Amino acid sequence: GGRFWSRFKRFAPTHGAGNYRYQRLSNDIVKGLKNNEFVLYYQPRIDTMTGQMIGAEALLRWQHKIFGAISPVQFIRIAEDTNFMIPLGNWVLETVCRQLRQWRDAGLPQIRISVNVSVKQLLECDFVDIVQSLLRQYEIDAKWLEFEVTETSILPEETLPDEAIRQLRALGIAIYLDDFGTGYSSLSWLERLDVDGIKLDKSFISRAPHHASSTQIVRAVIRLAHQLKLIVIAEGVETVEQLQYLQAQACDEVQGYLYSRPVPVNLFEEYLRGGRFH
Ligand code: C2E
Ligand code: CA
Ligand code: CA
Ligand code: CA
């Protein structure tokens, strides 16, 4: 008996559609948006050379009434699978635009906020219109809004969000390829999409500068990106050593726990007022 169960447990799903938590979250996600259970946290983006905060990334959190604060790692998949990513993504966009407007009205310094957008959103035919009307509604200059796009393998062959990216950049919104280097075809995306920069995935950063091949990859990718006139942001910077290595490689921006975790808006406003990072 014991043998059988231990084997069964090993194969029992802990992720994905068979799991209780997954089912529960799938059931609750639509209500969650209605009940204002989603919030945005902000994580500073730092100019590598000056150490100044020059922007921030908006990161979703779901304050679930039973499970507490949940990372998007656990619910973005659900949102994508159920097409709920579209209304959720629109909520993120509007919240950021409203926030940018509030900060400006409050006399706080203006910075660029980058928003993660899924390829599914980019491929919606009215996405660019929605963005444009939000910018108009909140009277936001497009230069304060940036998008991070993660390569996905869910796309049918040859479907690329190139048209949306072209139109968004024409509006003045900078576009970054997120998690660069971890996808199936990072280089081919870089070749085929016109973007402003890349975010070098934190898995490479976490192994630099001690692990030889990760370190070489970081260096080579920064060089490649610069040859293509792209901005490079390193994510997941946790140590001074990593920072110094990235400075030596002339990486443009850094982001990570070394400076600050993603923080709720009230703490982030302290940063905007010039307060010290937590
Ligand atoms: P991402 O865009 O690659 O975001 C970076 C993730 O790394 C964030 O996790 C952030 O909290 C975490 N992080 C930041 N600094 C460090 C560090 O120094 N060390 C380590 N180990 N981790 C660090 P988070 O917030 O859990 O987000 C996970 C992913 O969920 C994001 O990965 C992004 O792909 C997705 N996501 C978050 N917000 C949104 C959103 O509004 N829309 C969409 N479509 N996706 C989102
Ligand atoms: Ca991101
Ligand atoms: Ca990443
Ligand atoms: Ca990601």
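Whatever order the structure lists ligands and atoms in, that order sets their numbers, starting from 1. Here the structure is a predicted model, which means the values were calculated and not measured.
D252 contributes no side-chain N or O that, together with a main-chain N or O of I233, makes up a donor-acceptor pair within less than 3.5 Å. Side chain of Q121 to main chain of S118: a donor-acceptor pair is present (N/O by atom type, distance under 3.5 Å, no hydrogens or angles).
A heavy-atom distance below 4.5 Å is found between the side chains of L168 and L122.
Distances from the Ca ion (ligand 2) to the N/O/S atoms of D178 are shortest for OD2. Within D201, the N/O/S atom positioned nearest the Ca ion (ligand 3) carries the name OD1. Taking the N/O/S atoms of E57 in turn, the shortest distance to the Ca ion (ligand 2) belongs to OE2. The closest approach of E148 to the Ca ion (ligand 2), by N/O/S atoms, is made by OE1.
In summary, the side chains of Y245 and T215 do not present any donor paired with an acceptor at a separation below 3.5 Å, with no hydrogens or angles considered. A side-chain N or O of Y138 and one of E94 form a donor-acceptor pair less than 3.5 Å apart.
Cation-pi geometry between R45 and Y176 is satisfied (NZ or CZ under 6.0 Å from the ring centre, within 45° of the ring normal).
Residue M85 touches ligand 1 through its side chain alone, judged by heavy-atom distances below 4.0 Å. Proximity of E57 to ligand 1, defined as any heavy-atom pair under 4.0 Å, is confined to the side chain (atoms from C-beta onward). The proximity of N116 to ligand 1, defined as any non-hydrogen pair under 4.0 Å, involves the side chain as well as the backbone. By the criterion of a heavy-atom distance under 4.0 Å, the side chain of Q43, and not its backbone, is placed next to ligand 1. Proximity of L88 to ligand 1, defined as any heavy-atom pair under 4.0 Å, is not found for any part of the residue. Neither the backbone nor the side chain of V115 has any atom closer than 4.0 Å to an atom of ligand 1 (non-hydrogen atoms only).
Not one N/O/S atom of Y176, from backbone or side chain, sits under 3.0 Å from the Ca ion (ligand 2).
Proximity of the aromatic rings of F75 and F38 is defined here by a centroid distance below 6.0 angstrom, and this criterion is met. Ring centers of F84 and W62: at least 6.0 Å apart, outside the cut-off.
When F75, Y257, F147 are ranked by how near their heavy atoms come to atom 18 (O) of ligand 1, first place goes to Y257.
Taking a 6.0 Å sphere around CG of D194, one finds it holds 12 or fewer heavy atoms contributed by other residues, nucleotides or ligands. Heavy-atom neighbours of K65 NZ from other residues, nucleotides or ligands within 6.0 Å: above the threshold of 12.
Applying the 4.0 Å criterion to heavy atoms of E238 picks out, from ligand 1, the atoms 17 (C), 18 (O), 19 (N), 20 (C), 21 (N). When each atom of ligand 1 is checked for a heavy atom of V237 under 4.0 Å away, the hits are 18 (O). Numbered from 1 in the order shown, with element, the atoms of ligand 1 that lie under 4.0 Å from a heavy atom of V73 read 28 (C). Numbered from 1 in the order shown, with element, the atoms of ligand 1 that lie under 4.0 Å from a heavy atom of P262 read 11 (O). Near G256, meaning under 4.0 Å from one of its heavy atoms, ligand 1 places the atoms 15 (N), 18 (O). Close approach to E235 involves these atoms of ligand 1, each under 4.0 Å from a residue heavy atom: 3 (O). Close contacts between ligand 1 and S71 involve ligand atoms 26 (O) [criterion: under 4.0 Å to a heavy atom]. In summary, the atoms of ligand 1 found under 4.0 Å from a heavy atom of V92, numbered by their order in the structure, are 41 (O).
Using a 4.0 Å cutoff on heavy atoms, R61 counts as a contact of ligand 1.
With values rounded to the nearest 0.5 angstrom, F147 atom CZ is found 12.5 Å from I113 atom CD1.
In terms of N/O distances under 3.5 Å, ligand 1 is approached by L60. The shortest N or O to N or O distance between D178 and ligand 1 is below 3.5 Å.
Of the charged side-chain nitrogens involved, at least one lies within less than 4.0 Å of a carboxylate oxygen, so that E139 and R101 count as a salt-bridged pair. The pair R77-D81 meets the salt-bridge criterion, with a side-chain N (NZ, NE, NH1 or NH2) lying under 4.0 Å from an Asp/Glu carboxylate O.
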* Could you walk me through whether D162 and R192 pass the salt bridge (Lys or Arg N to Asp or Glu O under 4.0 Å) test, one step at a time? => CA-CA 8 Å; D162 52 332; R192 292 159 70 196; over 6 Å; no

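Rounding to the nearest 10°, we obtain 120° for the angle at the Ca ion (ligand 3) between D179 OD1 and E235 OE2.
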